[in-house]
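Lettering of chains follows the sequences in order, A, B, ..., and the numbering in each one begins at 1.
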Protein chains: 2
Amino acid sequence: MFKALSNPHRLALFYRLMNCCTPGTRCGMDETRRFCVGELHEGLDIAPSTLSHHLKELHRAGLIQMERRGKHVDCWLEPEVLIQLSHFFKPD
Amino acid sequence: MFKALSNPHRLALFYRLMNCCTPGTRCGMDETRRFCVGELHEGLDIAPSTLSHHLKELHRAGLIQMERRGKHVDCWLEPEVLIQLSHFFKPD
DNA sequence: ACTATATTTCGACATGTTTCGAATTATAGG
DNA sequence: CCTATAATTCGAAACATGTCGAAATATAGT
């Protein structure tokens, strides 16, 4: 997981998905709070193929979920992942 | 920081320093709960020069502290770092 | 001063990662 | 079935990282 987050572009993508939900809402469930690949691409200045590669890495690491929805592919982040990660750094 | 933790050897080193303290104790302050470089080397199957390189990276990332104490160099982890990291993954 | 131990620096090489463009697959809508 | 749009796969080049051994530095004790 840390390896997946070690790249600036991937961290930016993760961060974006992390902050797309109103606190307490489950991103994955609420389909209005998902980003498709194209939306995540905005403002990133990398080729589509590079974006695709990075999203695949994030998915492989178990950090994000992906699902095709027509022409688009939606991406979201399960809140469990955040809990798991924050618990790794025990205190608080 | 995630880049520093992205390497298995560095993550192992960090994890070791993370769990060297009784909960609630400040590792840096309690000098009996520090590891010197040599102690951290045990069980890691890498050359001393490689270990040195990895510790330098962890230090550069602000993850660990280092201080020479005679022939040895002590390493420890400030609890603030753990708080900072766990807060990045908001929930909880 | 000399020696032994602990750690770091340096240079080199092998391995991995990031990136792109071109070609490919997937899907929706005429 | 053809076209346009969205996204992925593939292969190649550029770049970064991990690793080691040899040499250098640091320190304590003789």
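- A/S6 contributes a side-chain N or O that, together with a main-chain N or O of A/K3, makes up a donor-acceptor pair within less than 3.5 Å.
- Between A/F2 and B/F88, the ring centre distance reaches or exceeds 6.0 Å.
- Within the 3.5 Å criterion, the main-chain N or O of B/A4 finds a donor-acceptor partner in the side chain of B/R10.
- Note: CD1 (B/I64) to P (C/dT7) measures 13 Å, nearest angstrom.
- Residues B/I46 and B/H41 come closest through the heavy atom pair O-NE2, 2.6 Å.
- Distance, A/E57 CD to C/dT18 C1': 10 Å, rounded to whole Å.
- Rounded to whole Å, atom C1' of C/dG16 lies 12 Å from atom CG of B/N7.
- Distance A/H54 NE2 to C/dG16 P: 18 Å, rounded to the nearest Å.
- The CZ atom of B/F35 sits 17 Å away from the P atom of C/dA6 (whole-angstrom rounding).
- Rounded to whole angstrom, the span from the CD atom of B/E67 across to the P atom of C/dT8 amounts to 13 Å.
- Taking both residues in full, the closest heavy atoms of B/L17 and B/C75 are given as CD2-O, 3.5 Å, listed atom of the first, atom of the second, then distance.
- Atom-to-atom, CG of A/L11 to P of C/dT17 comes out at 17 Å; the value is rounded to the nearest Å.
- We find that CD1 of A/I46 is positioned 11 Å from P of C/dT18, with the value rounded to whole Å.
- In this model, the phosphate group of D/dT17 is approached by a side-chain N or O of B/K3 to a distance below 4.0 Å at OP1 or OP2.
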Notebook entry, point to check: How does protein contact run along nucleotides 2-9 of chain D, one letter per nucleotide 5' to 3', with B for base contact, S for sugar-phosphate only, - for none, heavy atoms under 4.0 Å?
Noted result: ---BSSBB

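- Dashed line: the shortest gap from a side-chain N or O of A/R10 to OP1 or OP2 of C/dT18 is under 4.0 Å.
- Counting all heavy atoms, side chain and backbone alike, B/L82 lies closest to B/F14 at CD2-CZ, 3.9 Å.
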